[in-house]
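As structure tokens, the structure follows; a few thoughts come after it.
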Number of protein chains: 2
Amino acid sequence: MTMETAKTTPERPYHHGDLRRAILSAALDVIAAEGPSALSLRDLARRAGVSHAAPAHHFKDRTGLLTAIAAEGHALLSAALTEATDLRDAGVHYVRFAREHPAHFQVMFTPELLRENDLELTTARALTADRLRQAVSDRVPEPGTDPRLAGVAAWSLAHGFATLLLGHNLDAAVGDQDPEEVFRTLTGMLFQPPSA
Amino acid sequence: MTMETAKTTPERPYHHGDLRRAILSAALDVIAAEGPSALSLRDLARRAGVSHAAPAHHFKDRTGLLTAIAAEGHALLSAALTEATDLRDAGVHYVRFAREHPAHFQVMFTPELLRENDLELTTARALTADRLRQAVSDRVPEPGTDPRLAGVAAWSLAHGFATLLLGHNLDAAVGDQDPEEVFRTLTGMLFQPPSA
DNA sequence: GCGACAACTTGACACTGACAAGATTGCCCG
DNA sequence: CGGGCAATCTTGTCAGTGTCAAGTTGTCGC
């Protein structure tokens, strides 16, 4: 009795509701606001209204939680890349993903925080790599360019832009323009120079 | 008595020797190996053979220590960029800096870990920005290209390449080649296309 | 030599991640 | 329908951490 469980959502597998999801999204909030180092399992438990050891049951570890976030991020990113029409558009989607899911993005590319041998993570990561390769190979190759190297170039450009953007290092340069639009013109400048 | 202080180095201001430097370099080791989140002030104190609160006297905070590292990193980077002969060479120096000082690099671009209003940091950071702008402006501009945008492009490319490299995301693509050489050919591919 | 100051120590407190052991709940199978 | 059973969650505990406050020691100028 006295269980005012307020089951507004129809889906509610067991005791608490979807605790795993609740902790995940609370974690994403914290990371987006204050970075992964500010993440505390006990704080997440408090926010979800459960005891301090509850999160461990779903994620085992702090590392486990972060690994789950990274895997989810790769799933989201690979899905986004699938929608790209060409290489430049893939870059735009990459930047958009970083802006819409900054916490995922940051965790995905901070290997010290992750369980590198995690199965879910490695498969999700492989899928992303596949989508990237595909986006590069779809592009009509200029004669004499190594496609692998072109892939590294494109990835570096998009990743660097996204990273600097999230770190507020481009605030002055971008101003009030749409970052995606800036990136688009930027790729146009590099990949199809005025002389062509 | 019983003070076997082993003063091999002539410079040794006071009690311990250069404790500040000792803690800094120990911190750099830890960060390079296991990332900033694995950093523990007490562990650093242990390594230096001092009590657990000693580091606080030199850096006040964990944040203070990381801020000092970031400032030092910017000093090193701006010095490296000063030696660059042209824009491409600046990129090469940028990548080299990231490889030779991975701990500095990582901390410099993780704003959540830093005291953003620190004077030493902001001035050091401004110097780096200056060097970057200078490297861009030294380049002969193609007609009709916004120099600011070109700067963002160049920085994004170098930063993305360096970041992905440190995160071991380019291991397969680079193989046993020299990363700096890969970066050089990569910039050649983008900034002066075969059609020119 | 003495006073003041910087460098360091000692002690304490609240917080954290992790582990172990117990309690509770929903579910499945008979 | 009911009894076990496994998944979910709680409680208790431990070592380790950052940070603050107060004391101690060495050093240098006067």
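Model, not experiment: these values are computed from the prediction. When reading the values below, keep in mind they use all heavy atoms of this one structure, side chains included, and skip hydrogens, waters and symmetry mates. In what follows, chains are A, B, ... by sequence order, proteins preceding strands, each numbered from 1.
Qualifying ring-ring contact (aromatic ring centres under 6.0 Å, His included) partners for B:Phe109, counting only residues two or more places apart in sequence or in other chains: B:Phe105, B:His159. For A:Glu116, the salt bridge (Lys or Arg N to Asp or Glu O under 4.0 Å) partners two or more places apart in sequence, or in a different chain, are A:Arg125. Listed by chain and residue number, B:Thr63, B:Leu114, B:Arg115, B:Asp118, B:Leu121 satisfy the side chain to side chain contact (heavy atoms under 4.5 Å, CB included) test with B:Thr67 (two or more places apart in sequence, or in another chain). In this view, B:Arg47 and B:Asp43 satisfy the side-chain hydrogen bond (donor to acceptor under 3.5 Å, both in side chains) rule, not counting sequence neighbours.
Distance A:Leu19 CG to D:dA7 P: 16 Å, rounded to the nearest Å. Residue B:Asp18 contributes atom CG, which lies 17 Å from atom P of C:dA6 at whole-angstrom precision. In this structure, the CG atom of B:Leu65 is 10 Å from the P atom of D:dG18, given to the nearest Å. When rounded to the nearest whole Å, the span between CG of B:Leu44 and P of D:dG16 equals 16 Å. Note: CZ (A:Arg20) to P (D:dC9) measures 12 Å, nearest angstrom.
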ask   = Taking protein heavy atoms under 4.0 Å as touching, what does nucleotides 10-19 of chain C look like 5' to 3' if B marks base contact, S marks sugar-phosphate-only contact and - marks none?
value = BBB---SBBB
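Listed pair B:His57 / C:dC8 fails the phosphate criterion, with no side-chain N or O lying under 4.0 Å from OP1 or OP2.
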Return a table of donor-acceptor pairs under 3.5 angstrom between the side chains of residues 173-182 of chain A and protein atoms on other chains or two or more places apart.
{"unit_1": "A:Gln177", "atom_1": "NE2", "unit_2": "A:Val174", "atom_2": "O", "d": "3.2"}
{"unit_1": "A:Asp178", "atom_1": "OD1", "unit_2": "A:Glu180", "atom_2": "N", "d": "3.4"}
{"unit_1": "A:Glu180", "atom_1": "OE1", "unit_2": "A:Arg96", "atom_2": "NE", "d": "3.2"}
{"unit_1": "A:Glu180", "atom_1": "OE1", "unit_2": "A:Arg96", "atom_2": "NH2", "d": "2.9"}
{"unit_1": "A:Glu180", "atom_1": "OE2", "unit_2": "A:Arg96", "atom_2": "NE", "d": "3.0"}

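Ring geometry for B:His104 versus B:His101: interplanar angle over 60°, hence perpendicular rather than tilted (30 to 60°).
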